[in-house]
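Data first, discussion second: the structure below is written as structure tokens.
By convention in this document, chain letters (A, B, ...) are assigned in the order of the sequence lines, proteins followed by strands, and residues within each chain are numbered from 1.
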Protein chains: 4
Amino acid sequence: MPEPTKPQPTGATGKPGSSAAKPPPRRRQARGERRIAQLLDAAANVFCATGYTAASTNAIAREAGVSPGTLYQFFPNKEAIAVELGDRLMDRWRESHGLTAANLHLPLDQLLDAVLDPLIAFNEENPAFAVLMHGPDTPGRIAQEFANLHMGLLSRIEEALASYLPDTPPAELTRIATMTFSIFKAGLDQILSHQGTERQAYAAELKKVMFRYLEPIVCEAELPTGTP
Amino acid sequence: MPEPTKPQPTGATGKPGSSAAKPPPRRRQARGERRIAQLLDAAANVFCATGYTAASTNAIAREAGVSPGTLYQFFPNKEAIAVELGDRLMDRWRESHGLTAANLHLPLDQLLDAVLDPLIAFNEENPAFAVLMHGPDTPGRIAQEFANLHMGLLSRIEEALASYLPDTPPAELTRIATMTFSIFKAGLDQILSHQGTERQAYAAELKKVMFRYLEPIVCEAELPTGTP
Amino acid sequence: MPEPTKPQPTGATGKPGSSAAKPPPRRRQARGERRIAQLLDAAANVFCATGYTAASTNAIAREAGVSPGTLYQFFPNKEAIAVELGDRLMDRWRESHGLTAANLHLPLDQLLDAVLDPLIAFNEENPAFAVLMHGPDTPGRIAQEFANLHMGLLSRIEEALASYLPDTPPAELTRIATMTFSIFKAGLDQILSHQGTERQAYAAELKKVMFRYLEPIVCEAELPTGTP
Amino acid sequence: MPEPTKPQPTGATGKPGSSAAKPPPRRRQARGERRIAQLLDAAANVFCATGYTAASTNAIAREAGVSPGTLYQFFPNKEAIAVELGDRLMDRWRESHGLTAANLHLPLDQLLDAVLDPLIAFNEENPAFAVLMHGPDTPGRIAQEFANLHMGLLSRIEEALASYLPDTPPAELTRIATMTFSIFKAGLDQILSHQGTERQAYAAELKKVMFRYLEPIVCEAELPTGTP
DNA sequence: GATGAATGAGGATTCATTCAT
DNA sequence: TATGAATGAATCCTCATTCAT
């Protein structure tokens, strides 16, 4: 039917987290949906191979076995590809193993196991996730296109921490969360750049780092009554 | 392996002073040396502004106020600029505050203060150092051109650790050093991306992370006699 | 030669009503006719907004709220859209206010009023008409796709002039008509690019130009007997 | 010090008309200056052949026999090429036959001859001038990049008219000038799109149009006192 | 008839690098 | 040395058009 359907720029389906009132995600044929998946897979590969900055849209299209024009039918630009890929990975992560409320009552070491093991596994299966978490090599600033992903993860950490540290001032909470996230990313990189037992050893090491960092913080908060 | 090897970096004017038989540095290189410094300064700025991958040699030349041709008179390619800049920063670091033998007998907390404070200060003054430590956003692999810098720092950490942990197997030592370095880089990024008191708070936080991570390792090693 | 020939413009649905034997217009073309109108309206908008050369068929389809494929179901290419739009505008113009035979006996000033006022009004309502009269910015040559429109208008002017100047050689007649048309287009552009009273002032000015240009020509022809 | 030398974007040397304090026009080698001329010649050809909108920078480079990169060493974009070409043609025009003060005291018919003949000749030799005067086929607005050229010519006409019509209100003056310019462009197009005697005939015709349009305006102004 | 997918050549522009002066 | 010119492949992206559903 003539029904105009609102051009709806392209690609990105919607921010994660804003669950209500998703705008009808643009009528698309099944083939198109497949193409998008294909392109995002290709993008993941290329991002992993060359990093975000050096990745080229043509390379992504080539990797996906389509022409450059096709890519641009679904994504307005390189940035949008990264955003959409990040969103989808984030969704996938949340759906499969998200930080469940149950975990939040575990003791720290078990919490770390409960969170990190699947998260590491997820990153092993989706190495592009790590690439996107880092963003372009532009230092300092978090590039606009990665802000979603970054904030998404960061705020989840912050929430989790908040439940352990209800009395900590927000600024400090943010700092601890930021540091934790930062450390995690650093450790994850090491894990992913090793293989086999060494990889496991690094995973164990990361847990040590995080446990030792967070334990005093958490304990101190948990026992405000007795210990001097 | 870890042994840094200083790989005679650029193709340009072999650095005087590095090898045993110093040929009297020729006069006509004085200007050249100035040019090089100029170019490296410019490169540092551009790398900081845009990251390594996105930095263009033309932009570096422009920033240095010279023509592209001039740049290539001193460096065979973009990579060499990064390498040389990294080497020089590394030298500068070593010369000014390098991990002196004296420090190695300090207790851990003091050691961290002694090492991290000047290192952070150095990075504040030379933000390109952090950019180069990270290398391009290509994940996992350490790009060839940044291997020197990376290994240089890493092996110094490893040496230091070795003096605290003489009985630890080398593989583990490497792993701890790698992790430590990784954490440091991560923390440094946070420090550098904040300002004022918040920056200081992040620095303190980084020290906490590192102290808590390393303390048990070091303690355990230090007291092989008394513990049951 | 000037004779317009109405070149059976698009490849699509031969316009009913043009040839002698009217085949009863098939029902299923009703929708098609609407689509075409829709597309031509959209094309008019896009041509006005960006000019012919820079207009894209995708933009036209989008503006019409249909898919590119649909557009090509009715028009074989971009050119055909312009041609058909031009033809329709021309038809519309002819049907509503065409140079009626009656006008041809008015004195020049009244003739100009009689012709120009509605023509200007028509162009105000259909600004795409002016765009199409000019064609692409390719200078000199009249692009193939705009020849119809151009010749259509030109020959009408020429006919009108011929009735005033029966003894003028055809070459000169063509020249005067061409010049007149050219001036008209130029003036029209000015009119359309102004607003309100200024627009009216330009319209008046255009009439002055044309009147003063044509008056001596016409007068001289009208009084072949007396004047030296 | 390195003295940065101010990047000085590229290409365009400076606006015409601002004669004082020309910024030192960027050190350039002779070869470069030749290239620029070459490129502008090529651009003129391509603009004439295809019009501004459809002209491609690659086509210009090809026509000039250089690589696309070379073009961009001298011009930051297509627009700048048009601007510079326009400026140079304008300068060339002014230098050779500009409206000299002497002309301003001639009777109108002689003035028109004095101005139009060389101007037409100039346009015959530099057909790109006409293309640039028209600008892109975007209707109405005068595109930014052509404003200079347009205003340059328009204001010269306006000045000339002002000397004939000292008592006319400025708005009207502008209108008359605009109309005159518009007519001239229209006539010029016809002249240029014909050949030989026909071309001359069109030139004569244009003069008629302009003379007849302007004569009453000028006369009326010239004889406020004594008219019989 | 309608849709959205697909194409691939071509658009402007950049960039690492080399060359002539 | 130093410069600016030159390169050409590669960048992102667009567009007229065709195809499969």
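Between the OG1 atom of C:Thr57 and the CG atom of C:Leu39 there is a distance of 10.5 Å, given to the nearest 0.5 Å. Considering CZ of A:Arg35 and CG of A:Leu71, their distance stands at 11.0 Å, rounded to 0.5 Å. Note that the CD atom of C:Glu145 and the CD atom of C:Glu84 stand 14.0 Å from one another [nearest 0.5 Å].
C:Phe47 has its side chain within reach of C:Ile60: a pair of non-hydrogen atoms, C-beta onward, lies under 4.5 Å apart. You'll find the side chain of B:Phe75 reaches within 4.5 Å of the side chain of B:Leu40, heavy atoms only. The side-chain heavy atoms of B:Thr50 and A:Thr138, taken from C-beta on, include no pair separated by under 4.5 Å. Side chains of C:Leu149 and C:Asp87 form no contact here, defined as non-hydrogen atoms less than 4.5 Å apart. Between C:Ile36 and C:Arg88 there is a side-chain heavy-atom pair separated by less than 4.5 Å.
OP1 or OP2 of E:dG1 has not a single side-chain nitrogen or oxygen of C:Arg35 nearer than 4.0 Å. Taking only side-chain nitrogens and oxygens, B:Thr70 comes nearer than 4.0 Å to OP1 or OP2 of F:dT3.
When base pairs are accepted only as Watson-Crick or G-U wobble with both N-N or N-O distances under 3.5 Å, DNA chain F takes part in stems of 3 or more pairs at E:2-21 with F:2-21.
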List every contact pair, protein side and nucleotides 17-21 of chain F side both N or O, where the distance is under 3.5 Å.
unit_1: F:dT17; atom_1: OP2; unit_2: C:Tyr72; atom_2: OH; d: 3.0
unit_1: F:dT17; atom_1: OP2; unit_2: C:Lys78; atom_2: N; d: 3.1

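Both tests pass for A:Lys78 against the ring of A:Tyr52: distance under 6.0 Å to the centre and angle within 45° of the axis.
Distance C:Phe75 CZ to E:dA2 C1': 15 Å, rounded to the nearest Å. Taking atom CG of C:Leu71 as the reference point, atom P of E:dG1 lies 13 Å away to the nearest angstrom. Rounded to whole Å, the distance from CD on D:Gln73 to C1' on F:dT3 is 11 Å.
Proximity of a side-chain donor or acceptor of C:Thr70 to a complementary backbone N or O of C:Val66 within less than 3.5 Å is not detected. Under a 3.5 Å cut-off, the side chain of C:Asp137 and the backbone N or O of D:Gly51 do not form any donor-acceptor pair.
Proximity note for B:Ser67 (side chain, C-beta onward) versus E:dA5, F:dG4, E:dT3: the nearest is F:dG4.
Listed in residue order, the members of residues 44-56 of chain D having a heavy atom less than 4.0 Å from DNA chain E are D:Ala55, D:Ser56.
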